[in-house]
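For clarity, every value in this text was computed on a predicted model and none was experimentally measured.
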Amino acid sequence: MDTSSKLLNNTAVILVSHGSTLPFAEEVFTEIKEKFVEASGLEAEIGYMKVSEPTISGAVEILKDKVDDLDKIIALPVFLAPGIHTNIDIPQLLGLEPLEVDPRCPDGNYPPEHYLSIADDVVFDGEIKLLPSIGPRDELLKIIDKRIEEALAESKLDDSAKTGILLVTHGSRLNYNKEFATALYNKFEKTCDLSSSFGFMELCGPSIPESINKLVEENNLERLVVVPVFIAPGMHTTHDIPHILGLLEAHEHEHSHSHGHDHGHDHSHDLTPVDFDGEILYPEPIKADDILIDILIDMVNEAS
């Protein structure tokens, strides 16, 4: 799926990611970038908000070296839902005005050690166009359906087992993440013949245990497919959520958090395991699925 030919000259794309202390996200985003470049014909680079390299300003410098007479950069946040990162942090890291007032720091005077304070300025004379987050697109349902099929193919139970589906995402103090998850689930529910629900890892409800308990009790489930609606694997998908689901022993979870992991958040996690005796299937997140690549290319074309 090539992008519009009018975009190919003097235009490049920054695929913006959060950054992680774990290697999983960088591996996934490297694959996303490679697939995006091959499928779109556009030059692209990953720009990490923090922790990982290259930074957003570093990505701009890389693209300036790669593209002769570069005069337009499309910044595409590879985030499912809008939030503080997409509306406040990323615009400022690009040298643009934030889309809303930062509830963490309303006066805009960040502490000296804050990542917005220490980030290098973007140096670019051309146009930078910031796109929105992905949002609850219909195409995401195709990826969710794929993950459910992959999980059920690994089940030890037969087709007659009473099965439910739970979509899980992170959660946020702001409404954006809940609005995204609710809209996506409302679409999913209309296409799914199985009993289903959705839950949040933290910060807002319903929580994963609450959703599982209600779903199991109301439908007498024997099997549950829990789909992580996340782009890339990370601490939340490989440790926090599996621990809540009872797929990790307590000492494994404690060990996983003892190796320098820092969420950079001012909250703690309630990771009490659920009580479900049936089979829990837990597939991979979205990762560099070809459908995601098509979505990203469509977003660039829509913005042209």
Side-chain angles (χ1 to χ4, degrees), residues 77-87 132-152 155 161-234 236-237 240-247 269-271 274 276 278-287 289 291-292 294-296 298-299:
V78 190
F79 287 69
L80 292 173
I84 283 178
H85 292 326
T86 62
N87 291 2
S133 59
I134 293 168
R137 291 176 172 250
D138 292 345
E139 295 89 344
L140 291 176
L141 301 181
K142 298 177 183 178
I143 303 177
I144 291 170
D145 288 342
K146 284 174 65 175
R147 296 296 176 265
I148 293 169
E149 291 174 5
E150 291 163 0
L152 290 175
S155 177
K162 293 183 179 179
T163 302
I165 310 295
L166 183 71
L167 308 185
V168 300
T169 187
H170 186 280
S172 173
R173 289 192 180 92
L174 304 181
N175 286 330
Y176 300 116
N177 188 266
K178 188 162 188 175
E179 289 170 352
F180 161 79
T182 302
L184 185 67
Y185 173 71
N186 287 341
K187 291 182 176 184
F188 173 77
E189 186 182 27
K190 295 175 182 177
T191 67
C192 182
D193 295 330
L194 299 171
S195 304
S196 63
S197 187
F198 69 101
F200 299 92
M201 197 192 91
E202 60 180 345
L203 298 177
C204 60
S207 68
I208 294 173
E210 289 170 342
S211 294
I212 289 179
N213 290 339
K214 187 172 186 292
L215 193 58
V216 170
E217 290 172 5
E218 291 182 352
N219 299 280
N220 196 25
L221 297 181
E222 302 167 275
R223 176 170 58 198
L224 186 62
V225 182
V226 180
V227 183
V229 187
F230 289 72
I231 297 288
H236 295 322
T237 63
D240 295 342
I241 295 171
H243 184 76
I244 293 172
L245 298 176
L247 303 178
H269 305 309
D270 179 8
L271 304 177
V274 298
F276 175 55
E279 181 183 51
I280 295 181
L281 301 171
Y282 182 62
E284 293 282 334
I286 292 169
K287 300 178 76 172
D289 194 285
I291 296 172
L292 174 65
D294 289 344
I295 290 171
L296 299 179
D298 285 345
M299 291 176 69

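- Although no hydrogens or angles enter the test, the distance criterion places a donor-acceptor pair under 3.5 Å between the side chain of S211 and the main chain of F198.
- Between V168 and V226, the shortest heavy-atom contact is CG1-CG1, 3.7 Å.
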Problem set entry | Worked check of side-chain contact (heavy atoms from CB on, under 4.5 Å) between L203 and H170 | CA-CA 8 Å; L203 298 177; H170 186 280; 4.0 Å; yes
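- No hydrogens or angles considered: nothing links the side chains of N177 and S172 as a donor-acceptor pair under 3.5 Å.
- With T182 contributing its side chain and E179 its backbone, the two residues share no donor-acceptor pair below 3.5 Å.
- We find the CD1-CD1 distance between I208 and I244 to be 4.0 Å, quoted to the nearest 0.5 Å.
- Looking at heavy atoms from C-beta onward, L221 lies out of side-chain contact with I212 at the 4.5 angstrom threshold.
- Ring orientation note: the planes of H236 and F230 are tilted relative to one another, at an angle of 30° to 60°.
- Residues F188 and D145 have side chains in contact (heavy-atom distance under 4.5 Å, counting atoms from C-beta outward).
- The pair K142-E139 fails the salt-bridge criterion, with no side-chain N (NZ, NE, NH1 or NH2) lying under 4.0 Å from an Asp/Glu carboxylate O.
- For E222 (side chain) and K162 (main-chain N/O), a donor-acceptor pair under 3.5 Å exists by modelled atom type.
- Atom CG of residue L215 and atom CZ of residue F276 lie 8.5 Å apart, to the nearest 0.5 angstrom.
- Here the side chain of R147 pairs a donor or acceptor atom with the backbone of P285 at under 3.5 angstrom.
- Judged purely by atom type and a 3.5 angstrom limit, Y282 has no side-chain atom pairing as donor or acceptor with the backbone of P228.
- Looking only at side-chain heavy atoms (C-beta outward), T163 and N219 stay at 4.5 Å or farther from each other.
- Looking at R137 and D298, no side-chain N of the basic residue comes within less than 4.0 Å of a carboxylate O on the acidic one, giving no salt bridge.
- Between the side chains of E218 and S195, not a single donor N or O lies within less than 3.5 Å of an accepting N or O.
- The environment of K187 atom NZ is dense: over 12 non-hydrogen atoms of other residues, nucleotides or ligands sit within 6.0 angstrom.
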